[in-house]
Amino acid sequence: KIVLFLRKLFNRYHSFLFSHGYTDGSKWRFLEHKGPVFAPPYEPLPGNVKFYYDGKPMKLSALAEEVATFFAKMLDHEYTTKDIFRKNFFKDWRKEMTSEEKSKITDLNKCNFSEMNEYFKAQSEARKQMSKEEKQKIKEENERLLQEYGFCIMDNHKERIGNFRIEPPGLFRGRGDHPKMGMLKRRIRPEDIIINCSKDSKHPKPPPGTKWKEVRHDNKVTWLASWTENIQGSIKYIMLNPSSRIKGEKDWQKYETARRLKKCVDRIRNQYRDDWKSKEMRIRQRAVALYFIDKLALRAGNEKEEGETADTVGCCSLRVEHIKLYPKMDDQEYVVEFDFLGKDSIRYYNKIPVEKRVFKNLQLFLENKQPEDDLFDRLNTSILNKHLQELMDGLTAKVFRTYNASITLQQQLKELTCPDDSIPAKILSYNRANRAVAILCNHQRAPPKTFEKSMQNLQTKIDEKQNQLSAARKQLKAAKADHKASHDEKSKKAVEVKRKAVQRIEEQLMKLQVQATDREENKQIALGTSKLNYLDPRISVAWCKKYGIPIEKIYNKTQREKFAWAIDMAEKDYEF
DNA sequence: CAAGCGACTTGTAAACAAATGG
DNA sequence: CCATTTGTTTACAAGTCGCTTG
């Protein structure tokens, strides 16, 4: 058994141990899969479900009807009230109409989709009300599909595929103020799909009567299939699950790069502080931007094409309007106020005191500029990353985010964990360390709609528990008194039983209180992203080992699969 | 060096499943 | 047992970054 286990480890982490995979840049030797699963074909509405135009029922052609259902399904969503969404939808919908329909349907406001909307609501209600057997049957069918299409063979391993289903057609839902929201995401056909697999594998078969766009054998990439999406014209891929060797290895490499940064970060910090004094504007800008990326964990900030996406920025693309300078604020000097929309249009708002030199530089960068001008007009991500590459092999802007996130977790864990705490209390400390990172990375969330209520529920539980506890304590007291009076075995036992009960309830109460604290502190903060993408899992694994916390308390099943490499490798003395 | 493409990681929302409580 | 709440998984959008091309 041990030999088998070691062999498994060896096979799995072969390339972890011996150089970085293949030396020629190839990602695999053998790749075999069944191809993607396509979205089910459109099922026309039953005749009694009608669409009304200008108050009158109107039968739509299949294509026009399908697109109409996309809108009808979203009627309760805020999207359908937005002007841009409606405009884009209507424009694309009209493209799918027959010329007759086109001439008739000229105003979206005269369209009544409510019957269609009711129908879909009823459908989903019916789905919920299905019997156990029916639900079981659907589950089994899904499982069958997963078993057939959800796995591939890459080199010597059967690997889980991340997304083996092709995205179904629908209306594009951009985030924030996206100029393309509401546009029709068209149906993907086999003729749109490029298949990637090895020559010597059994090639996937396209559905009967269809052809793939292309079958290629490129082992310099990791994807199994790809297609071009019609909204931005970008390529979408079918790739492996995070538990796969190829993703795990990459993940591990990412953290190793961040650890190399740890070794030279002092040098780099001294360097950019020096560069604040440079006579060259571009170097000063580069140095100030890098300072922000390091100190505030900002993203790099590539330029974006105007009108194609929501207006969001990162460090290099900050504009004058996104910062305010305060020479004095309250009792602090040289305060910079940031207020901008970052990735996914999440607001970044922060006020931080900076060093005088940085402040003076910022004032300089702002001179003679309009609000919509670039703050760093002599800088972009490409220039910055080229510079970083010279400072350290493999260094790019995002490595700072990884590094600062992981080092913060490690240091916070050290600071917050009390060895004598109970397990729930230690987990609270872990979550607090995790929270420090999430705050650094600005991983916010809208407070859940049911937050107040769920908080109240928890409080009621705590109150109940407290009552229980005082009752149990009373009983214990009584039992003790009883024992003192009688001194018999029976009453002695009773005292023990009551003592145990009190202890149990105390523990339960403490657990609830910890849970309440944790939830309250987590109101506006999302821990998931940092846990999954920024925190070296070996730090967490080592922490669990050191304090005897079962790993299941920190990582759920999916996360344990993703971080299997770290769980296998890290010991209790692991240092990031 | 700007523009654009390609491949990959990172991010939130929504759907779904499991757990909990009345 | 069902309804509600909570945790997990999926979907897919939105970033980063390297490379090519003109």
Side-chain angles (χ1 to χ4, degrees), chain A residues 25 27 39 74 77-79 124 127-129 132 135 138-139 142 146 150 162-168 170 172-176 178 180-181 185 194 196 218 220-223 226 228-229 231-242 246-247 250-251 253-254 293 299-305 308-310 312-317 341-346 380-386 388-389 394-399 401-402 405 438 441-446 448-451 453-455 457-458 460-461 464 515 519 526 528-534 555-559 561-562:
Chain A
K27 309 286 172 71
M74 291 178 73
H77 203 290
E78 203 198 336
Y79 271 119
S124 78
R127 225 171 301 131
K128 269 188 222 153
Q129 297 303 323
K132 260 202 186 107
K135 279 184 182 164
I138 290 174
K139 210 172 160 187
N142 278 335
L146 173 67
N163 55 325
F164 59 91
R165 288 169 203 273
I166 298 284
E167 294 174 18
F172 176 76
R173 297 148 95 121
R175 301 174 209 255
H178 197 116
K180 298 196 171 186
M181 61 167 73
K185 243 174 68 167
I194 301 172
N196 193 32
D218 181 358
K220 300 281 190 288
V221 297
T222 66
W223 52 268
S226 73
T228 301
E229 150 273 347
I231 303 290
Q232 314 281 357
S234 66
I235 307 171
K236 298 237 174 172
Y237 301 92
I238 287 183
M239 287 185 186
L240 297 192
N241 187 274
I246 209 153
K247 294 284 186 192
K250 202 75 189 296
D251 211 32
Q253 237 180 63
K254 172 180 80 185
I293 284 171
R299 296 187 187 82
N302 285 306
E303 303 99 300
K304 307 167 75 185
E305 214 175 325
E308 293 290 302
T309 60
T312 63
V313 297
C315 186
C316 293
S317 51
L341 297 182
K343 183 175 179 178
D344 290 311
S345 296
I346 300 287
N380 60 40
T381 55
S382 163
I383 294 171
L384 178 66
N385 280 333
K386 268 195 198 103
L388 293 176
Q389 179 58 46
L395 186 61
T396 63
K398 84 187 185 83
V399 178
R401 244 167 109 82
T402 312
C441 293
N442 199 39
H443 291 142
Q444 299 182 4
R445 62 167 184 180
K449 286 180 198 72
T450 55
F451 185 84
K453 203 171 138 221
S454 92
M455 226 38 222
N457 288 346
L458 199 50
T460 343
K461 270 200 211 168
E464 269 168 31
Q515 202 185 345
R519 192 176 298 178
T529 302
S530 52
K531 201 172 190 177
L532 236 47
N533 299 302
Y534 288 104
Y555 291 138
N556 68 28
K557 186 164 147 284
T558 319
Q559 294 165 338
E561 279 167 13
K562 167 166 175 164

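Computed from a predicted structure; not experimentally measured. Proteins get letters first, then strands, A, B, ... in listed order; numbering begins at 1 in each.
A side-chain N or O of A/K304 and one of A/T312 form a donor-acceptor pair less than 3.5 Å apart.
The distance from atom CZ of A/R165 to atom C1' of C/dA11 is 11 Å, rounded to the nearest whole Å. Summarising the geometry, the separation between CD1 on A/I231 and P on C/dC12 is reported as 12 Å, rounded to the nearest angstrom. Atom NZ in A/K557 sits about 14 Å away from atom C1' in B/dC16, given to the nearest Å. Nucleotide B/dT12 holds its P atom 16 Å from the NZ atom of A/K531, rounded to whole Å.
Looking at residues two or more places apart in sequence or on another chain, you find no ring pair (Phe, Tyr, Trp, His ring centres under 6.0 Å) involving A/F164. Not counting sequence neighbours, the partners of A/N442 by the side chain to side chain donor-acceptor pair (under 3.5 Å) test are A/Q444. By the side chain to side chain contact (heavy atoms under 4.5 Å, CB included) test, A/V221 pairs with A/N196, A/D218, A/W223, sequence neighbours left out.
For the side-chain contact (heavy atoms from CB on, under 4.5 Å) test with A/N302, the passing option among A/V313, A/T381, A/N380 is A/T381; the others fail.
Here A/R401 lies in heavy-atom contact (under 4.0 Å) with sugar-phosphate atoms only. In this structure, A/P242 reaches neither bases nor backbone, as no heavy-atom distance under 4.0 Å exists between it and the strands shown.
The heavy-atom pair separating A/A438 from A/A526 by the smallest distance is CB-O, 3.6 Å. For the residue pair A/R401 and A/Y534, the shortest heavy atom distance occurs at NE-OH, 2.9 Å.
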(message) One character per nucleotide, please: for nucleotides 13-22 of chain C, 5' to 3', B when the base has a protein heavy atom closer than 4.0 Å, S when only the sugar-phosphate does, - otherwise.
(response) SBSBBS----

(message) So if I define the base as every atom that isn't primed, P, OP1 or OP2, how would nucleotides 17-22 of chain B read as a B/S/- string at a heavy-atom cutoff under 4.0 Å?
(response) ----S-

Every protein N/O lying under 3.5 Å from an N/O of nucleotides 4-8 of chain B:
unit_1: B/dA7; atom_1: OP2; unit_2: A/Y237; atom_2: OH; d: 2.8
unit_1: B/dA7; atom_1: O5'; unit_2: A/Y237; atom_2: OH; d: 3.4
unit_1: B/dC8; atom_1: OP1; unit_2: A/K27; atom_2: NZ; d: 3.0
unit_1: B/dC8; atom_1: OP2; unit_2: A/T222; atom_2: N; d: 3.0
unit_1: B/dC8; atom_1: OP2; unit_2: A/T222; atom_2: OG1; d: 3.0
unit_1: B/dC8; atom_1: O5'; unit_2: A/T222; atom_2: OG1; d: 3.4

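Along DNA chain B, the nucleotide nearest A/C441 and the nucleotide nearest A/H77 are compared for position; the residue whose nucleotide lies closer to the 5' end is A/C441. For A/N556 and A/P168, each mapped to the nucleotide of DNA chain C holding its nearest heavy atom, the one lying further toward the 5' end belongs to A/N556.
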